[in-house]
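One structure below.
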Amino acid sequence: SWSKRKDYCFWPIQTKWTINEGVDYPRLSWEHQPGTPLSSLPFNGMIPGTGSGDDPYCVSTAEQLNIIGLVASEWDKCFKLMADIDMSIYADTQYNIIGNYDTPFTGNFDGNRHIIHNLTYTTTLATDYVGMFGHLNSNATIKHLGLENATISTDGDVVGGLVGYNNSGTVNFCFAAGDVNGSSYVGGLVGYNNSGTISSCYTTGHVIESGIYDTYAGGLVGL
């Protein structure tokens, strides 16, 4: 049977299903068709590629982009954007943030000079580490990526349009256009940049620091 949610659907991770990627639809194992068990495929086979430097995960749709945040075991891999993507089908907290405090993103995300439109993450809860990427750690690289008409809003801390917390990661040739709202450590591109590298980047839009104290807000970087 199918398992469904409003923002994505997927096959149950079990060996009863197999798929011959790029050739056939998923098949039940008793059909004895060529294929690989879905349980061994990251993202249930939704994103083509292996995640290596020579064969990155190729992301072309909003559904593919949004499933990345659900599979933390692949956050050390390589990704490449293959098209401009409109994320307006996801509202409130339906977007799955890539990287969090406990498990940062340590891979490579190549925007390939494409733009992500209408990315939204909004909540009235005190949710920390919010952005398209919540937390980057050393070895993480984001490059050649643009956000257009992004809306990021939380009552929590460490909030950025592109990255919440950049802990020794690298952000090159990126931009974020839109509105970012948080309690503290709020930036249009990066909320809190801790020994990270940011180069050839810019932001446009509004940054609102709504905490009780005036702490660390900036157009490009909060702190």
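The model shown is predicted, which means the values in this text are computed figures rather than measured ones. Along the sequence shown, residues are numbered consecutively beginning with 1.
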Yes or no on side chain to side chain contact (heavy atoms under 4.5 Å, CB included) for T93 and Y95, after CA distance, side-chain angles and deciding distance?
-> CA-CA 5 Å; T93 59; Y95 171 70; over 6 Å; no
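- Of the possible donor and acceptor atoms, none in the side chain of S184 sits under 3.5 Å from a partner among the backbone N and O of G211.
- Under the 4.5 Å side-chain heavy-atom criterion for grouping Ile, Leu, Val, Met, Phe, Trp and Tyr, M82 is not connected to L119 through any hydrophobic cluster.
- Taking CG of D84 as the reference point, atom CD1 of I116 lies at 9.0 Å (rounded to 0.5 Å).
- Partners of F133 under the ring pair (Phe, Tyr, Trp, His ring centres under 6.0 Å) rule, at least two apart in sequence or in another chain, are F105, F109.
- Closest heavy-atom contact between G161 and L147: O-CD1, 3.2 Å.
- For the atom pair L81 CG and H144 NE2, the distance stands at 13.0 Å (nearest 0.5 Å).
- In the hydrophobic cluster analysis, where Ile, Leu, Val, Met, Phe, Trp and Tyr join through side-chain heavy atoms closer than 4.5 angstrom, L162 is grouped together with L220.
- No donor-acceptor contact under 3.5 angstrom links the side chains of D155 and S183, judged on distance only.
- In the hydrophobic cluster analysis, where Ile, Leu, Val, Met, Phe, Trp and Tyr join through side-chain heavy atoms closer than 4.5 angstrom, I89 is grouped together with M87.
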Apply the test side chain to side chain contact (heavy atoms under 4.5 Å, CB included) to residues Y121 and I97: give CA-CA distance (whole Å), side-chain angles for both, the deciding distance (0.1 Å), then the verdict.
-> CA-CA 9 Å; Y121 188 95; I97 295 171; 3.7 Å; yes
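- Under a 3.5 Å cut-off, the side chain of N66 and the backbone N or O of Q94 do form a donor-acceptor pair.
- Side-chain contact between Y192 and V190: absent, with no pair of heavy atoms (C-beta onward) separated by less than 4.5 Å.
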Decide side-chain hydrogen bond (donor to acceptor under 3.5 Å, both in side chains) for N149 and H117; before the verdict, give the C-alpha distance in whole Å, the side-chain angles of both, and the deciding distance to 0.1 Å.
-> CA-CA 6 Å; N149 196 36; H117 299 270; over 6 Å; no
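- Of all heavy-atom pairs between Q64 and C58, the closest is OE1-O, 3.8 Å.
- Taking each heavy atom of F173 and C201 in turn, the nearest pair found is N-SG, 3.8 Å.
- With D86 contributing its side chain and S88 its backbone, the two residues share a donor-acceptor pair below 3.5 Å.
- Counting only N and O atoms by type, the side chains of N139 and T106 include no donor and acceptor under 3.5 Å apart.
- No donor-acceptor pair closer than 3.5 Å links the side chain of T127 to the backbone N or O of G156.
- A distance of 9.5 Å separates CD of E74 from OG1 of T50, quoted to the nearest 0.5 Å.
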Check the pair N172 / S200 against side chain to side chain contact (heavy atoms under 4.5 Å, CB included), numbers first and verdict last.
-> CA-CA 6 Å; N172 289 336; S200 300; 6.0 Å; no
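- Taken to the nearest 0.5 Å, the OG atom of S60 stands 8.0 Å off from the NE2 atom of H114.
- Put simply, the side chain of D179 does not reach to within 4.5 Å of the side chain of I152, judged on heavy atoms.
- A donor-acceptor contact shorter than 3.5 Å links the side chain of D110 to the backbone of N112.
- Ring pair Y129/H135 is tilted by interplanar angle, where 30° to 60° counts as tilted.
- Both V171 and L65 belong to a single network of hydrophobic side chains, linked directly or stepwise wherever heavy atoms of I, L, V, M, F, W or Y lie under 4.5 Å apart.
- Taking both residues in full, the closest heavy atoms of N181 and V186 are given as C-CG1, 4.4 Å, listed atom of the first, atom of the second, then distance.
- Although no hydrogens or angles enter the test, the distance criterion places no donor-acceptor pair under 3.5 Å between the side chain of T151 and the main chain of T120.
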Pair E209-Y185, side chain to side chain contact (heavy atoms under 4.5 Å, CB included): steps then yes or no | CA-CA 8 Å; E209 181 270 314; Y185 307 100; over 6 Å; no
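- The hydrophobic clustering, which links ILVMFWY residues whose side-chain heavy atoms are closer than 4.5 Å, places I115 and F79 apart.
- To the nearest 0.5 Å, the span separating OG1 on T154 from CG on D128 amounts to 7.0 Å.
- Considering I142, N167, N193, I98 in turn, I142 is the only one that fulfils the side chain to side chain contact (heavy atoms under 4.5 Å, CB included) rule with L136.
- Between Y57 and F43, the angle of the ring planes goes over 60°, which puts this pair in the perpendicular group of the 30/60° scheme.
- Checking side-chain atoms of W75 against main-chain N and O of N100 turns up no donor-acceptor pair under 3.5 Å.
- In this structure, the separation between NZ on K143 and OG1 on T170 is 10.5 Å, given to the nearest 0.5 Å.
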